[in-house]
Amino acid sequence: MDDMQLMQARLDELIAAGERAEALVEEWNTRRHTATADHGRIVAATDALGTLVSLDISPLSRRNLDAVQMADALMTAISGAEEAAAAAHADLMDDLRP
């Protein structure tokens, strides 16, 4: 194999790796990460970057939890969703490394 063929083969590998990385990032950007608290009655969801996009609170949680318990449950759900997003980001970065 001459130098030109070797360079073409390497270029083809780099293009394939770039296309794979682009597909991974595109898929990662559409992900939502959720976590729950209060036996699943509070659900927090974040986008791929860990930004809170939704927070669902069951009427049972509103009725049964006092302010401190509610705050703790909200923080548990939100933190869990943020941590899931961070873990997914770390996995993506590992996949993108050669």
Side-chain angles (χ1 to χ4, degrees):
M1 200 177 250
D2 67 10
D3 287 343
M4 192 61 148
Q5 289 173 322
L6 287 173
M7 287 189 297
Q8 184 61 48
R10 181 64 180 142
L11 179 60
D12 291 343
E13 289 174 10
L14 289 172
I15 289 170
E19 289 170 349
R20 181 177 159 267
E22 186 176 342
L24 284 172
V25 169
E26 186 175 327
E27 187 272 330
W28 175 76
N29 279 329
T30 63
R31 289 185 187 174
R32 293 291 181 261
H33 305 280
T34 62
T36 64
D38 192 31
H39 309 288
R41 293 187 288 250
I42 296 174
V43 180
T46 67
D47 64 11
L49 297 174
T51 303
L52 185 67
V53 293
S54 70
L55 183 61
D56 297 318
I57 304 168
S58 163
L60 286 174
S61 294
R62 292 179 185 174
R63 189 173 339 161
N64 294 335
L65 301 178
D66 64 26
V68 172
Q69 292 169 323
M70 179 65 80
D72 288 343
L74 291 172
M75 290 307 301
T76 296
I78 293 168
S79 296
E82 290 172 340
E83 289 169 8
H89 181 261
D91 289 344
L92 171 71
M93 296 308 291
D94 287 342
D95 288 345
L96 292 176
R97 287 187 179 88

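- Between A35 and G80 the shortest heavy-atom distance is CB-C, 3.5 Å.
- Applying the salt bridge (Lys or Arg N to Asp or Glu O under 4.0 Å) test to every pair with at least one member in residues 67-86, sequence neighbours left out, gives no pairs at all.
- Closest of all the heavy-atom pairs between A85 and T46 is CB-OG1, 3.7 Å.
- M7 belongs to a hydrophobic cluster whose other members, connected by ILVMFWY side-chain contacts under 4.5 Å either directly or through intermediates, are M4.
- In terms of heavy-atom proximity, A48 sits nearest to R32 at N-NH1, 4.4 Å.
- Chaining together hydrophobic side chains whose heavy atoms lie under 4.5 Å apart leaves L60 on its own.
- Within the structure, the ring-ring contact (aromatic ring centres under 6.0 Å, His included) test picks out no pair touching residues 56-82 (sequence neighbours left out).
- With sequence neighbours excluded, the residues satisfying salt bridge (charged side-chain N to carboxylate O under 4.0 Å, His left out) with R31 are E27.
- Side chain of Q5 to backbone of D2: a donor-acceptor contact under 3.5 angstrom is found.
- Through side-chain heavy atoms spaced under 4.5 Å, either directly or across other Ile, Leu, Val, Met, Phe, Trp or Tyr residues, V43 is tied to no other residue.
- In the hydrophobic clustering (ILVMFWY side chains linked at under 4.5 Å, chained through shared members), L52 is joined by I42, L55, I57, L65, M70, L74, I78.
- Scanning for side-chain hydrogen bond (donor to acceptor under 3.5 Å, both in side chains) contacts around Q69 gives an empty result, with sequence neighbours left out.
- Shown here are the side-chain contact (heavy atoms from CB on, under 4.5 Å) partners of T51, two or more places apart in sequence or in another chain: D47, L49.
- Shown here are the side-chain hydrogen bond (donor to acceptor under 3.5 Å, both in side chains) partners of R10, two or more places apart in sequence or in another chain: E13.
- The side-chain hydrogen bond (donor to acceptor under 3.5 Å, both in side chains) search around D12 returns Q8, not counting sequence neighbours.
- A ring-ring contact (aromatic ring centres under 6.0 Å, His included) check over residues 53-85, counting only residues at least two apart or in different chains, returns nothing.
- Scanning all heavy atoms of the two residues, the minimum distance from A73 to A37 falls at O-CB, 3.2 Å.
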